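In this text, all values refer to a predicted model and were calculated from it rather than measured experimentally.
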Amino acid sequence: MAGIKALISLSFGGAIGLMFLMLGCALPIYNQYWPLFVLFFYILSPIPYCIARRLVDDTDAMSNACKELAIFLTTGIVVSAFGLPIVFARASLIEWGACALVLTGNTVIFATILGFFLVFGSNDDFSWQQW
């Protein structure tokens with residue numbers, strides 16, 4: 001039952017984050033859809049870590065290069081997702097208010113992705129790897 005509550009709360013967090021992103025795009029005072037490009041970063045961010053978890057067994061107590069490279073790539077993707085709206089706002093493609101809404105949505109979405117891996121990332125009975 002605890003896993004279902006976590007899944008529902010993570011779904012709610014994702015919906016709130018996407019709401020902030022859509023508000024930054026679709027409000028009549030902003031009306032620019034350039035910030036939707038951060039959706040690519042949402043999709044790309046968990047991929048390096050998922051690949052590294054498949055390639056590396058967790059029996060090694062020491063940190064290995066594959067996982068560290070995956071974390072480095074994920075960090076680059078996350079920083080790029082935060083930088084893109086700022087670059088758009090500096091180039092006057094979007095307003096600064098839209099940039100703030102997109103950055104708020106980024107924070108919520110990436111916290112939701114992190115929460116997903118913390119809750120369902122362990123190899124216990126209720127894991128995302130079963131799905």
Side-chain angles (χ1 to χ4, degrees):
M1 192 66 175
I4 294 175
K5 288 181 183 178
L7 189 62
I8 290 172
S9 63
L10 289 172
S11 299
F12 181 72
I16 295 295
L18 287 175
M19 179 198 67
F20 279 118
L21 177 65
M22 291 302 151
L23 283 176
C25 294
L27 282 177
I29 57 174
Y30 304 134
N31 201 21
Q32 293 290 326
Y33 289 91
W34 288 106
L36 285 179
F37 281 110
V38 299
L39 289 173
F40 293 119
F41 296 116
Y42 297 160
I43 294 167
L44 290 177
S45 64
I47 291 174
Y49 191 70
C50 289
I51 291 172
R53 283 188 59 135
R54 292 285 183 178
L55 293 176
V56 177
D57 57 345
D58 289 333
T59 58
D60 188 16
M62 296 186 63
S63 179
N64 57 13
C66 185
K67 269 193 173 179
E68 289 182 12
L69 178 65
I71 292 172
F72 177 75
L73 292 174
T74 302
T75 303
I77 292 169
V78 170
V79 168
S80 298
F82 280 96
L84 186 68
I86 295 171
V87 169
F88 282 163
R90 293 273 300 159
S92 299
L93 289 174
I94 63 173
E95 300 289 327
W96 282 103
C99 179
L101 284 170
V102 172
L103 292 177
T104 304
N106 280 349
T107 304
V108 174
I109 289 288
F110 286 123
T112 303
I113 292 171
L114 177 66
F116 179 81
F117 280 107
L118 291 177
V119 171
F120 298 107
S122 63
N123 290 327
D124 58 353
D125 291 337
F126 194 75
S127 175
W128 63 275
Q129 293 174 347
Q130 307 176 46
W131 300 339

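Between Leu39 and Tyr42, some side-chain heavy-atom pair lies under the 4.5 Å cut-off. Taking 4.5 Å as the limit, some side-chain heavy atom of Met22 sits within range of a side-chain heavy atom of Leu36. The side-chain heavy atoms of Ile113 and Phe117, taken from C-beta on, include a pair separated by under 4.5 Å. Here the side chains of Thr107 and Phe82 are in contact, with some heavy-atom distance below 4.5 Å. A 4.5 Å side-chain heavy-atom check between Val102 and Phe88 finds every atom pair outside the cut-off. A heavy-atom distance below 4.5 Å is found between the side chains of Leu103 and Ile86.
Taking hydrophobic clusters as Ile, Leu, Val, Met, Phe, Trp and Tyr residues chained together by side-chain heavy-atom distances below 4.5 Å, Leu55 shares a cluster with Ile71. Ile29 is connected to Phe20 through a chain of hydrophobic side-chain contacts under 4.5 Å among Ile, Leu, Val, Met, Phe, Trp and Tyr, so both are in one cluster. If you chain together hydrophobic residues whose side chains sit under 4.5 Å apart, Met19 and Val108 fall into the same group. No single ILVMFWY cluster, assembled from side-chain heavy atoms under 4.5 Å apart, contains both Phe110 and Phe72. In terms of hydrophobic clustering, with Ile, Leu, Val, Met, Phe, Trp and Tyr side chains grouped at heavy-atom distances under 4.5 Å, Tyr33 and Leu23 are assigned to different clusters.
In plain terms, the two heavy atoms of Pro48 and Ala70 that are nearest each other are O-CB, 3.4 Å. The two residues Ile94 and Gln32 come nearest to each other via the heavy atoms CG2-CB, 4.1 Å. Scanning both residues, Pro35 and Leu21, for their nearest heavy atoms gives O-CD1, 3.6 Å.
To the nearest 0.5 Å, atom CG of residue Asn106 and atom CG of residue Leu101 are 11.0 Å apart. Taking OG1 of Thr74 as the start and OH of Tyr49 as the end, the distance is 9.0 Å to the nearest 0.5 Å. The distance from the CG atom of Leu84 to the CZ atom of Phe37 is 8.5 Å, given to the nearest 0.5 Å. How far CD1 of Ile77 is from CZ of Phe40: 13.5 Å, rounded to the nearest 0.5 Å. In this structure, Trp34 CH2 and Cys99 SG are separated by 15.5 Å, a value rounded to the nearest 0.5 Å. For the atom pair CH2 (Trp96) and CZ (Arg90), the distance works out to 6.0 Å, reported to the nearest 0.5 Å.
Ile109 pairs with exactly one of Leu18, Ile16, Val78 by the side-chain contact (heavy atoms from CB on, under 4.5 Å) rule, that one being Leu18.
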